[in-house]
Amino acid sequence: TPQLIACDLHPDYHSTRFAHELALRLAVPVVPVQHHHAHVAACMAEHGLTGEVLGVAWDGAGYGPDGTLWGGEFLIAGYAGYRRMAHLQPFRLPGGERAMREPRRLALAMLWEALGHDGLTITGPPRRSLGQDVDAIWTMVRQGVASPWTTGMGRLFDAVASLLDICQVATFEGQAAMAVETLAEQYERSPACVAERAGTSYAIPLLPKTARAAAPSGSDWVADWRPMIRDLVRDLHRGFPPGCLAHRFHQALADLVGQAAQVAGLPRVVLTGGCFQNALLTRLTRQRLQQAGFTVYTHRLVPPNDGGLALGQAMVAAHQPGVTT
């Protein structure tokens, strides 16, 4: 006999509406579970973990309790609750959901955040690659019109794919991120990568709240991707091969997780969310963490993407006060 119904925190999902209807019929409570907390809980459950971990939950988007779209999250989490320790510097989604299908829109949003008014004149790809409506999108970004905020790591991959001019408009979910991964993997196997200076990477500094004028909601730290975007655009104009820059981008993300793990100070780190379907990202991040002495947990039996959410939601719901399991 069900004691309660668990669902995603997003109020407009079909599954959320169904959960409320079912709970009403069964006369049991509903437990809405934050998207990225569920990701972390799913990986913890797969490995039989208890207590708290640093959960690195990276994906395209998940509804946050502040009403914004999360997706580049560092959570101090257990089954019973979580705390948002850090996340990506927020950026705009010009056109809302349309931006999730058009990486070029994300590139323009990030160029604005990283370079301001100069961003449109020093882009990586030729202007024609960004489409005929580039000026209209640029205006949307500058004015914040129909451009909600997000911290989605998947969208950062989209922007990099656009800047490298390997995907401007996606025809399926994850296409741009897969293109960046493939390009980086091909470069890693090339003689050019072997000859490249060891340790070369971009920097995504993890900054404390006091270092920013406006603190994002509910976290103490923010991962500032803007220096990385500036360096990537600079290297594009210097003629560096796109594969080299894609690989440096992956290294920067692995280093960022290493920074966050040192700040969190917890011995166990969980890597979850759709972005960790990326084998190169997962391998580089695992290596970075293990070299620093952390124990790393990734998915093997349960999908890291949204296919694993139900398990995480069930585990979180089962650990609510008063629930017997």
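- The minimum heavy-atom distance linking Leu106 with Ala99 is given by the pair CD2-O, 2.7 Å.
- No donor-acceptor distance shorter than 3.5 angstrom exists from the side chain of Arg288 to the backbone of Val257, with no hydrogens or angles considered.
- Tyr297 has its side chain out of reach of Val53: every pair of non-hydrogen atoms, C-beta onward, lies at least 4.5 Å apart.
- Annotation for Leu4 and Ala317: closest pair CD1-CB, 3.5 Å, computed over non-hydrogen atoms.
- Residues Tyr63 and His35 keep their aromatic ring centres 6.0 Å or farther apart.
- The neighbour count for Gln290 CD, taken as heavy atoms of other residues, nucleotides or ligands under 6.0 Å away, is above 12.
- Side-chain contact check for Trp138 versus Gln143: every heavy-atom pair is 4.5 Å or farther apart.
- A continuous path of hydrophobic side-chain contacts links Val233 to Leu164 [ILVMFWY only; heavy atoms under 4.5 Å].
- Using a cut-off of 4.0 Å between Lys/Arg side-chain N and Asp/Glu carboxylate O, Glu21 and Arg25 are scored as not salt-bridged.
- Side-chain atoms of His299 and Asn305 form no donor-acceptor pair, as typed in the model, at a separation below 3.5 Å.
- Aromatic pair Phe74/His36: ring centres not closer than 6.0 Å.
- Judged purely by atom type and a 3.5 angstrom limit, Glu46 uses its side chain to pair as donor or acceptor with the backbone of Arg300.
- When the side chains of ILVMFWY residues are joined at heavy-atom separations under 4.5 Å, either directly or via intervening members, Ile5 and Leu309 end up in two distinct hydrophobic clusters.
- Residues Phe91 and Trp149 keep their aromatic ring centres 6.0 Å or farther apart.
- No donor-acceptor pair under 3.5 Å is formed between the side chain of Gln277 and the backbone N or O of Pro303.
- At distances below 3.5 Å, not a single donor-acceptor pair connects side-chain atoms of Gln175 with backbone N or O atoms of Cys167.
- A chain of hydrophobic side-chain contacts below 4.5 Å, direct or via other Ile, Leu, Val, Met, Phe, Trp or Tyr residues, connects Leu256 to Val263.
- Rounded to the nearest 0.5 angstrom, His47 NE2 and Thr295 OG1 are separated by 11.5 Å.
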Inset, instruction - Begin with the C-alpha distance, continue with both residues' side-chain angles, and end with the deciding distance and a verdict on salt bridge (charged side-chain N to carboxylate O under 4.0 Å, His left out) for Asp220 and Arg83. - result: CA-CA 10 Å; Asp220 298 326; Arg83 178 172 64 85; 3.1 Å; yes
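- Minimum heavy-atom separation, Val269 to Ala261: CG2-CB, 4.2 Å.
- Between Arg226 and Gln89, the closest side-chain pair of non-hydrogen atoms falls below 4.5 Å.
- A donor-acceptor pair under 3.5 Å links the side-chain atoms of Gln34 to the main chain of His37, judged by distance alone.
- A pairwise comparison of heavy atoms in Gly274 and Asp59 identifies N-CB, 3.8 Å as the closest pair.
- A distance of 13.5 Å separates CG in Asp8 from NE2 in His14, rounded to the nearest 0.5 Å.
- Using a distance-only test at 3.5 Å, with no hydrogens or angles considered, a donor-acceptor pair links the side chain of Thr285 to the main chain of Leu281.
- Between the side chains of Tyr202 and Asp235, at least one donor-acceptor pair of N or O atoms lies under 3.5 Å.
- With His10 contributing its side chain and Asp12 its backbone, the two residues share a donor-acceptor pair below 3.5 Å.
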Inset, instruction - Go through Asp255 and Ile204 one step at a time and tell me if the side chain to side chain contact (heavy atoms under 4.5 Å, CB included) criterion holds. - result: CA-CA 8 Å; Asp255 290 342; Ile204 304 178; over 6 Å; no
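- Rounding to the nearest 0.5 Å places CZ of Arg234 at 12.5 Å from CD1 of Ile229.
- Looking only at atom types and distance, the side chain of Thr182 has no donor-acceptor partner in the side chain of Gln186 under 3.5 Å away.
- For the pair Met228/Phe249, a side-chain contact is recorded, criterion being any heavy-atom separation below 4.5 Å from C-beta on.
- Put simply, the side chain of Met85 does not reach to within 4.5 Å of the side chain of Leu75, judged on heavy atoms.
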Inset, instruction - Could you walk me through whether Phe240 and Arg248 pass the side chain to side chain contact (heavy atoms under 4.5 Å, CB included) test, one step at a time? - result: CA-CA 11 Å; Phe240 281 74; Arg248 289 182 179 182; 3.6 Å; yes
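- The aromatic rings of Trp70 and Tyr82 sit perpendicular to each other, their planes meeting at more than 60°, with 30° as the lower class boundary.
- Taking 4.5 Å as the limit, some side-chain heavy atom of Glu188 sits within range of a side-chain heavy atom of Leu280.
- The side-chain tip of Arg92 does not point at the ring of Trp112 from less than 6.0 angstrom away and within 45° of straight on.
- Remark: side-chain polar atoms of Thr272 are not paired, donor with acceptor, to backbone N or O of Ala57 under 3.5 angstrom.
- Crowding of His237 atom NE2: a count of heavy atoms from other residues, nucleotides or ligands under 6.0 Å exceeding 12.
- You'll find the side chain of Ile166 reaches within 4.5 Å of the side chain of Leu183, heavy atoms only.
- Both Leu206 and Met153 are part of a single hydrophobic cluster, where members link through side-chain heavy atoms under 4.5 Å apart.
- A pairwise comparison of heavy atoms in Pro205 and Pro227 identifies CD-CG, 4.1 Å as the closest pair.
- Considering every non-hydrogen atom in both Phe276 and Val56, the closest pair reads CE1-O, 3.7 Å.
- Using a 4.5 Å cut-off between side-chain heavy atoms of Ile, Leu, Val, Met, Phe, Trp and Tyr, with links allowed through other members, Ile137 and Leu120 fall into the same hydrophobic cluster.
- Taking CE from Met110 and CZ from Arg230, the interatomic distance works out to 13.0 Å, rounded to the nearest 0.5 Å.
- Counting heavy atoms from C-beta outward, Asp165 and Pro242 have side chains that stay 4.5 Å or more apart.
- Judged by distance alone, the side chains of Ser129 and Gln168 never bring a donor and an acceptor atom under 3.5 Å apart.
- Centroid-to-centroid, the aromatic rings of Tyr13 and Phe18 stay 6.0 Å apart or farther.
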Inset, instruction - Please lay out, stage by stage, how Leu163 and Leu245 fare under the test side chain to side chain contact (heavy atoms under 4.5 Å, CB included). - result: CA-CA 10 Å; Leu163 291 172; Leu245 310 189; over 6 Å; no
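- Arg104 contributes a side-chain N or O that, together with a main-chain N or O of Leu130, makes up a donor-acceptor pair within less than 3.5 Å.
- Using modelled atom types, no side-chain atom of Thr151 and backbone atom of Leu88 make a donor-acceptor pair closer than 3.5 Å.
- Here Glu102 contributes atom CD and Leu93 contributes atom CG; the two are 12.0 Å apart, rounded to the nearest 0.5 Å.
- Note: Gln3 CD to Gln320 CD = 12.0 Å, rounded to the nearest 0.5 Å.
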Inset, instruction - Begin from the C-alpha positions of Val180 and His250 and carry the test side chain to side chain contact (heavy atoms under 4.5 Å, CB included) through to its verdict. - result: CA-CA 9 Å; Val180 176; His250 280 77; 3.8 Å; yes
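- Using a 3.5 Å distance cut-off with no hydrogens or angles, the side chains of Thr298 and Arg286 do pair a donor with an acceptor.
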